[in-house]
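Note on naming: letters A, B, ... go to the chains in the order of the sequence lines (proteins, then strands), and numbering restarts at 1 for each one. Worth saying up front: this structure is predicted, and the values here are computed from it rather than measured.
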Number of protein chains: 2
Amino acid sequence: MRLTPAMERYVLHWGEMGARWGVNRSVAQIHALLYLAPKPITAEEIADTLSIARSNVSMSLKELLAWGLVQRTPVKGDRRDHFEALRDNWEILTRIVEERKKREIDPTLSILRACAMEAAADGQTAAETRQRIEGLLEFLETLSLWYGQVKGLPKPVLIGLLKMGGRVARFVPKKRAGKARGAGDG
Amino acid sequence: MRLTPAMERYVLHWGEMGARWGVNRSVAQIHALLYLAPKPITAEEIADTLSIARSNVSMSLKELLAWGLVQRTPVKGDRRDHFEALRDNWEILTRIVEERKKREIDPTLSILRACAMEAAADGQTAAETRQRIEGLLEFLETLSLWYGQVKGLPKPVLIGLLKMGGRVARFVPKKRAGKARGAGDG
DNA sequence: ATCGGATTTCAGTAATTTCTGAAATCTTCG
DNA sequence: CGAAGATTTCAGAAATTACTGAAATCCGAT
């Protein structure tokens with residue numbers, strides 16, 4: 001596939017962004033290419049277009065499939081696999097968030113729970129330190145709970161909320177008098 | 001400084017997490033250590049505790065200072081620099097988000113604008129492709145706008161919103177009949 | 001069953017990133 | 001000013017990560 005300069009710029013930048021967020025450069029570039037491509041393309045075409053080894057494309061596609069960001073699409077009259085990227089930006093975002101939560105946040109929560117228990121029991125971890133761990137655990141649990149509720153809302157509602165921006169603030173109930181501990185205070 | 005097993009586990013895990021999000025492992029470990037430490041500590045103490053070179057600690061601290069996640073704190077009667085981490089979890093989160101937006105999202109928006117213009121003008125980029133770029137640009141601009149509004153809200157309001165979870169959905173105005181294009185539809 | 005193309009795997013190599021130690025610089029105090 | 005300690009810089013070494021090409025496997029057609 002022939003890349004126009006605009007496409008090339010996009011693909012290179014996306015590769016760079018991926019690298020900064022812990023995603024392999026080739027994986028990100030391939031994703032960018034499939035995202036831009038007007039129609040499904042073959043692994044070999046990807047390799048040629050981006051000048052990377054066919055085997056690298058194979059492994060990278062495997063990863064993108066695992067993330068659910070790319071799918072195989074059969075093309076009639078051609079027995080080679082063709083690939084295309086998920087197109088809906090909202091869907092792309094939620095897939096990535098969902099996956100990273102599963103792979104990174106949830107395990108972190110487990111570890112924090114274990115650390116909190118261990119620190120409480122060992123009789124040698126400073127009280128301050130214990131509080132930090134417990135506070136962070138509570139904070140992440142609150143965020144996690146929020147995410148769990150919000151992700152279930154229908155897409156139009158989410159988009160509505162997004163478009164409301166700061167105006168949602170009107171609907172937050174006024175806090176009653178007195179000092180209350182809330183998420184993130186620890 | 002002597003690490004208890006719970007602290008060590010925390011520090012190692014945090015280093016790992018950092019690595020997955022594009023942050024150098026040592027930087028993340030140092031941040032974890034300072035976050036847990038009951039009082040400000042010196043660079044040398046960090047190097048000893050984590051068994052990394054003094055010079056590496058120096059560079060890593062520089063980076064953490066640039067992120068605004070750590071600060072120098074003078075300790076009377078000691079002319080060595082002491083360091084301590086920001087403690088408020090909410091503040092930590094917003095600093096990180098703010099900084100990554102500035103370093104990664106904003107430049108991405110610029111590049112997308114440039115790509116969109118170039119693609120519109122070159123007469124060789126497929127219409128489909130042009131729409132993808134424009135759609136993504138619009139999507140990211142919407143998110144960016146939302147963030148700009150929300151980050152300005154007072155912390156208690158933000159925490160209030162967080163605790164409301166999915167219940168905010170009640171306040172989204174009902175969409176009028178007819179097909180409307182919204183963020184992320186492209 | 002077997003042939004031919006498509007695809008995947010993986011061991012070794014290449015490239016990149018991270019880390020170190022020596023030297024340079026800065027800072028404070030006498 | 002000069003010494004001693006603290007800190008930073010940076011070139012090269014070490015470690016990690018990514019990429020490649022050859023070989024193995026898969027898969028459909030005959």
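Ion pairing of B:Arg132 with B:Glu128 is present here, as a side-chain N (NZ or NE/NH1/NH2) and a carboxylate O approach within less than 4.0 Å. The pair B:Glu99-B:Arg103 meets the salt-bridge criterion, with a side-chain N (NZ, NE, NH1 or NH2) lying under 4.0 Å from an Asp/Glu carboxylate O.
Taking the side chain as every heavy atom from C-beta outward, A:Val97 and A:Tyr147 approach each other to under 4.5 Å. Side-chain atoms of B:Asn89 and B:Ile92, non-hydrogen and from C-beta on, do get closer than 4.5 Å to each other. Considering only heavy atoms from C-beta on, A:Glu84 stays 4.5 Å or farther from A:Lys39 through its side chain. B:Leu93 has its side chain within reach of A:Phe139: a pair of non-hydrogen atoms, C-beta onward, lies under 4.5 Å apart. Residues B:Leu143 and B:Leu140 form a side-chain contact, since some pair of their non-hydrogen atoms from C-beta on lies under 4.5 Å apart. The shortest side-chain heavy-atom distance between A:Asn56 and A:Ile30 does not fall under the 4.5 Å cut-off. For the pair B:Leu161/B:Leu153, a side-chain contact is recorded, criterion being any heavy-atom separation below 4.5 Å from C-beta on. No side-chain heavy atom of A:His31 sits under 4.5 Å from any side-chain heavy atom of A:Ser60.
Terminal axes of the helix from C:dA1-D:dT30 to C:dG30-D:dC1 (five pairs each, C1' rotation axis) are separated by 20°, to the nearest 10°.
Nucleotides of DNA chain D lying under 4.0 Å from heavy atoms of chain A occupy a range whose first and last members, 5' to 3', are D:dA18 to D:dG21.
Within 6.0 Å of CZ in A:Arg100 there are more than 12 heavy atoms belonging to other residues, nucleotides or ligands. Counting non-hydrogen atoms of neighbouring residues, nucleotides and ligands closer than 6.0 angstrom, the CD atom of B:Glu44 reaches no more than 12 such neighbours.
Partners of A:Lys151 according to the salt bridge (charged side-chain N to carboxylate O under 4.0 Å, His left out) rule, which considers only residues two or more places apart in sequence or in another chain, are A:Glu98.
Annotation: proximity of residues 42-56 of chain B to DNA chain C (heavy atom, distance under 4.0 Å) is found for B:Ile52, B:Ala53, B:Ser55, B:Asn56, numbered in ascending order. For the segment residues 18-30 of chain B, residues with any heavy atom less than 4.0 angstrom from an atom of DNA chain D are, sorted by number, B:Arg25. Scanning residues 57-80 of chain B for heavy-atom distances under 4.0 Å to DNA chain D yields B:Ser58, B:Met59, B:Lys62, B:Arg72, B:Arg79, B:Arg80.
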Report the C-alpha distance between B:His82 and B:Arg72 in whole Å, list the side-chain angles of each, state the deciding distance to 0.1 Å, and finish with yes or no for side-chain contact (heavy atoms from CB on, under 4.5 Å).
CA-CA 6 Å; B:His82 287 242; B:Arg72 258 176 245 272; over 6 Å; no

Stepwise, does the side-chain contact (heavy atoms from CB on, under 4.5 Å) test hold for A:Tyr10 with B:Leu136?
CA-CA 11 Å; A:Tyr10 180 96; B:Leu136 180 58; 3.2 Å; yes

